[in-house]
Amino acid sequence: MRKNIRIFIGIAAILCLTLLPVSCGVSNLPIDPSGETAASTNGAETDTSTERNTDQDDTDHTDVTDQTDLVTTEKESTKEDLFDLPTPSGDYLLTYENLGVLGSENNIVYFVIDRFDWEYYVWAREKAPEIFHNLDSGGFTYYDDAISLYPRTFPSIAYMVTGAENDFSQTCEDYFASAYGRSEFMRQLYREGYTVNIYTDEEYGYINAAYMANYTANAKPAGNDQATYSTDMRDIYNHLTQNGISIGESKKSYAFIHLSGTHLPLLYDENFDSLPEDDAERWDSTLGMKQSFAIINYYIDEMKRLGVYDNATIIITGDHPSIGSDSDVPLRWAHVTPLFVKPSSNADGALQVSSAPVTHADIFPTILQSEGIASGMDFGRSLFEITEDENRERLYYFQKYDKIDGRTNYEMVVFAINGKAADYKNWEIRERYYLGKSIYG
């Protein structure tokens, strides 16, 4: 045994002496180190109002010369390996880390206003048009015939982040694990060099952020003394304005920012001071729009000041509309969610309006196209490729629930929409089937 060891050491020494002149030039190459209660188990996220309204490290290593190809290969390989690592053990949470940190060259900022209904936008346009000044001159297109796939925050948020649909055959936790752990859209962004940050509530957006910790920079082990991200708009506004918005080390950044938005009742007034429980403003959707756009406008204004707005891709939409009732089928009204898009090619320009029949599913290819990312996978057509005169059928997956013998029982009602989504006459029930006692189980 000892003889074998001595032979091995001898061979190793000869190899080291032979290779030393070649290897010394790259021996110091840097290696990139980057390499709705937790969905509620006893009920639904309800919208039971009876009326429409009561109203990572991507640093350039310039000290290394003539090694560009080798460094790039190592960095790309590291990113792939990190994405495919096993899920870390233990509990992870999404934190506020990097909330105001932008990429120096490319940025994708995806704002999601909770319960953003198209009529809320119409009413706010009438009552407070000034809050939309960045939409009106910032190179955005308003898609006024857009729908979400789902009627509630779960599973809408996880779908909007990952592109993984939920057929509710799995438990809530298993769906999250599968969606976040194997998202091909997230994999595409990560391998393209984007520092990924996802900001959403633990309650309905995820159960354990460990499933996205390999590629999400702000996913941290529980108990790490960092505050857990909340969609509470006062907390978000204060964090951004107190910490500021700045350019980070990464060239490319992706941020998915979920706001509580127009999910009534509201907690704060226009100045983010607490509202009394009996204050009628708590049921004013326009106030929710003002708070949402106070955050969005601050973010956009800072992007412009920092010189990174022009090349940015910005999405503003809702996770779902106002649904009126969790149990009424036919629906009380058509479920439509506004969608605003600024592609990276638009630095400014008046707000354009498109009535193309679109859905949240079209946002994934839109982001890739806007950012010039060529994907080997078929994510579908982008919003830019869908015309207004298309006869395009869209599906909407409504989880109807009723209380029977003290238990919540869920049924899937699949609607097919042919024509303008805002006209409920264009909604047809295509399929219905029983889901089980809880979609959160």
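Note that the structure is a prediction, hence the values are computed from the model and not measured. The basis for the numbers below is simple: all heavy atoms, side chains too, and nothing from hydrogens, waters or symmetry mates. This chain uses plain numbering: 1 for the first residue, then up along the sequence.
Comment: K400 engages D402 in a salt bridge, judged by a side-chain N to carboxylate O separation of less than 4.0 angstrom. A salt bridge does not link D348 with K304: none of the charged nitrogens is closer than 4.0 Å to a carboxylate oxygen. Remark: K420 engages D144 in a salt bridge, criterion side-chain N to carboxylate O under 4.0 Å. Looking at D362 and R392, a side-chain N of the basic residue comes within less than 4.0 Å of a carboxylate O on the acidic one, giving a salt bridge.
In plain terms, the two heavy atoms of P357 and E390 that are nearest each other are CG-O, 3.8 Å. G318 approaches M160 most closely through the heavy-atom pair O-CE, 3.6 Å. The two residues P151 and Q399 make their nearest non-hydrogen contact at CD-OE1, 3.4 Å.
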Item checked: Test ring-ring contact (aromatic ring centres under 6.0 Å, His included) applied to F256 and Y110, step by step -> CA-CA 5 Å; F256 180 97; Y110 194 154; 4.9 Å; yes
Check: Could you walk me through whether R125 and D136 pass the salt bridge (charged side-chain N to carboxylate O under 4.0 Å, His left out) check?
Finding: CA-CA 11 Å; R125 268 288 177 189; D136 291 340; 2.5 Å; yes
Check: Would I245 and Y298 satisfy side-chain contact (heavy atoms from CB on, under 4.5 Å), going step by step from the backbone distance to the final call?
Finding: CA-CA 9 Å; I245 295 179; Y298 176 77; 3.8 Å; yes
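For the ring-ring contact (aromatic ring centres under 6.0 Å, His included) test with Y159, the passing option among Y180, F364, F185 is F364; the others fail. For the side chain to side chain contact (heavy atoms under 4.5 Å, CB included) with L259, the qualifying choice from I236, T200, V112, T231 is I236, the only one to do so. Partner of F340 under the ring-ring contact (aromatic ring centres under 6.0 Å, His included) criterion, chosen from W118, F132, Y142, F293: Y142.
Ring planes of Y424 and F415: tilted class, angle from 30 to 60°.
Other residues, nucleotides and ligands place more than 12 heavy atoms under 6.0 Å from the CD atom of E393. No more than 12 heavy atoms of other residues, nucleotides or ligands shown are found within 6.0 angstrom of CG on N391. Within 6.0 Å of CD on E130 lie more than 12 heavy atoms contributed by other residues, nucleotides or ligands.
When atom types are taken as modelled, the side chain of N107 and the backbone of Y309 share no donor-acceptor pair closer than 3.5 angstrom.
The ring pair (Phe, Tyr, Trp, His ring centres under 6.0 Å) check on Y396 picks up H335, W427, with sequence neighbours excluded. Every residue meeting the side chain to side chain contact (heavy atoms under 4.5 Å, CB included) condition with A294, not counting sequence neighbours, appears here in chain and number order: Y237, F272. For E431, there are no salt bridge (Lys or Arg N to Asp or Glu O under 4.0 Å) partners at least two apart in sequence or on another chain.
Side-chain contact between Y254 and T216 is absent, with no heavy-atom pair separated by less than 4.5 Å.
Donor-acceptor pairing under 3.5 Å is lacking for the side chains of D117 and H320. In this model, a donor atom of one side chain and an acceptor atom of the other lie less than 3.5 Å apart for D319 and T153. Between the side chains of D235 and Y229, no donor-acceptor pair of N or O atoms lies under 3.5 Å.
Cation-pi check for R182 over Y211 is not met; the charged atom does not lie both under 6.0 angstrom from the ring centroid and within 45 degrees of its normal.
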